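Presented below is the structure to which this report refers.
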Amino acid sequence: MENVSLVQLIISVVLFFVMFFGIGFLLNMLLRMTWLMAIVYPVVVVFIVDEVSFLDYIFDAGNAWSALLDKLQALQIVDIVILSGGFGGAIVAGIVMIYLRKAGYRMF
């Protein structure tokens with residue numbers, strides 16, 4: 001753990017979990033697509049990690065994808081744990097939505 005205390009790590013994981021749980025829950029309610037946030041989450045991670053413009057993936061694909069691969073390989077274990085917390089929040093939002101629908105709750 002490079003320059004990150006345990007308290008910062010725990011707060012960051014909880015923050016990402018709650019943030020993506022909330023986003024996933026709202027998307028599930030509005031669009032009625034249970035696993036949408038879990039499917040979209042890798043794209044969100046690319047936008048978080050990468051510093052390349054979205055248009056570069058279209059017009060300069062070779063350099064953009066190699067830069068993304070380099071950034072993903074350079075992630076520290078702390079970064080991976082924090083991003084995994086966000087993915088866990090997206091998955092739990094889908095599970096909660098399935099449970100609520102089976103329990104008879106209708107959201108929009």
Side-chain angles (χ1 to χ4, degrees):
M1 293 183 357
E2 186 176 315
N3 296 331
V4 176
S5 70
L6 185 61
V7 173
Q8 288 175 326
L9 177 64
I10 292 170
I11 290 173
S12 297
V13 170
V14 170
L15 178 67
F16 264 63
F17 183 90
V18 169
M19 183 171 58
F20 284 103
F21 176 85
I23 293 170
F25 193 84
L26 290 174
L27 283 175
N28 289 335
M29 282 189 348
L30 295 174
L31 302 176
R32 297 188 61 90
M33 298 175 70
T34 305
W35 300 110
L36 179 66
M37 192 61 215
I39 294 169
V40 173
Y41 189 75
V43 177
V44 173
V45 169
V46 167
F47 284 127
I48 291 172
V49 171
D50 203 6
E51 297 172 355
V52 176
S53 168
F54 176 72
L55 294 176
D56 286 342
Y57 286 102
I58 298 169
F59 297 117
D60 191 17
N63 290 334
W65 286 104
S66 66
L68 174 63
L69 185 61
D70 291 341
K71 284 286 192 175
L72 289 176
Q73 289 175 344
L75 287 177
Q76 301 292 323
I77 190 70
V78 174
D79 301 324
I80 294 170
V81 168
I82 292 170
L83 292 172
S84 298
F87 186 64
I91 296 294
V92 171
I95 293 169
V96 166
M97 190 58 68
I98 288 174
Y99 173 75
L100 288 174
R101 287 188 182 135
K102 284 183 181 178
Y105 293 96
R106 290 182 52 221
M107 280 71 66
F108 301 115

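Positions are given from 1 along the sequence. Note that the structure is a prediction, hence the values are computed from the model and not measured.
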Open item on the list: Hydrophobic clusters here meaning ILVMFWY residues chained together by side-chain heavy-atom distances under 4.5 Å, can you tell me if Ile80 and Val49 are in one?
Closed with: yes

Task: Linked, directly or transitively: Val13 and Val7 (ILVMFWY side chains, under 4.5 Å) - done: no

- [ ] Without swapping roles, check the side chain of Tyr41 against the backbone of Leu83 for a donor-acceptor pair under 3.5 Å.
- [x] yes

- [ ] Is it possible for you to say whether Leu68 and Leu55 belong to one hydrophobic cluster, with membership spreading through side-chain heavy-atom contacts below 4.5 Å?
- [x] no

Open item on the list: Side chains of Val78 and Val81, heavy atoms from C-beta outward: is any pair under 4.5 Å?
Closed with: no

Task: Point-to-point distance, once rounded to the nearest 0.5 Å, from CG of Leu69 to CD of Gln73 - done: 4.0 Å

TODO: Measure across Trp35 and Ile91 and return the closest heavy-atom pair with its distance rounded to 0.1 Å.
DONE: CZ3-O, 3.5 Å

Task: Exercise: identify the closest heavy-atom pair between Ser53 and Tyr57 - done: O-CD1, 3.6 Å

TODO: Would you indicate whether the side-chain heavy atoms of Val43 and Phe47 approach each other to under 4.5 Å?
DONE: yes

TODO: For Arg101 and Arg32, work out which heavy atoms get closest and say how close.
DONE: NH2-CA, 3.5 Å

- [ ] State, to 0.1 Å, how close Leu36 and Asn28 come at their nearest heavy-atom pair, and which atoms those are.
- [x] N-OD1, 4.4 Å

- [ ] State plainly whether one hydrophobic cluster holds both Val92 and Leu15, where clusters connect Ile, Leu, Val, Met, Phe, Trp and Tyr through side-chain heavy atoms under 4.5 angstrom apart.
- [x] no

Task: Audit row: Gln8, Ile11, side-chain contact (heavy atoms from CB on, under 4.5 Å) steps and yes/no - done: CA-CA 5 Å; Gln8 288 175 326; Ile11 290 173; 5.9 Å; no

Task: ILVMFWY cluster, Ile98 and Leu31 together (side-chain gap under 4.5 Å) - done: yes

TODO: Hey, could you give me the CD1/OG distance between Ile77 and Ser84, rounded to the nearest 0.5 Å?
DONE: 8.0 Å

TODO: First locate atom CG of Asp79, then atom CD1 of Ile48, and finally report the distance between them rounded to the nearest 0.5 Å.
DONE: 10.5 Å

Open item on the list: Are Pro42 and Val46 packed together at the side-chain level, in the sense that at least one heavy-atom pair is separated by less than 4.5 angstrom?
Closed with: no

Open item on the list: I need the Phe17 CZ to Phe87 CZ distance, nearest 0.5 Å.
Closed with: 12.0 Å

Open item on the list: Does Met19 have more than 12 heavy atoms from other residues, nucleotides or ligands lying within 6.0 Å of its CE?
Closed with: yes

Task: Atom of Met37, atom of Phe20 and distance for their closest heavy-atom approach - done: CE-CD2, 3.4 Å

- [ ] Provide the closest heavy-atom pair for Ala64 versus Asp56 in the form atom of the first, atom of the second, distance.
- [x] CB-O, 3.6 Å

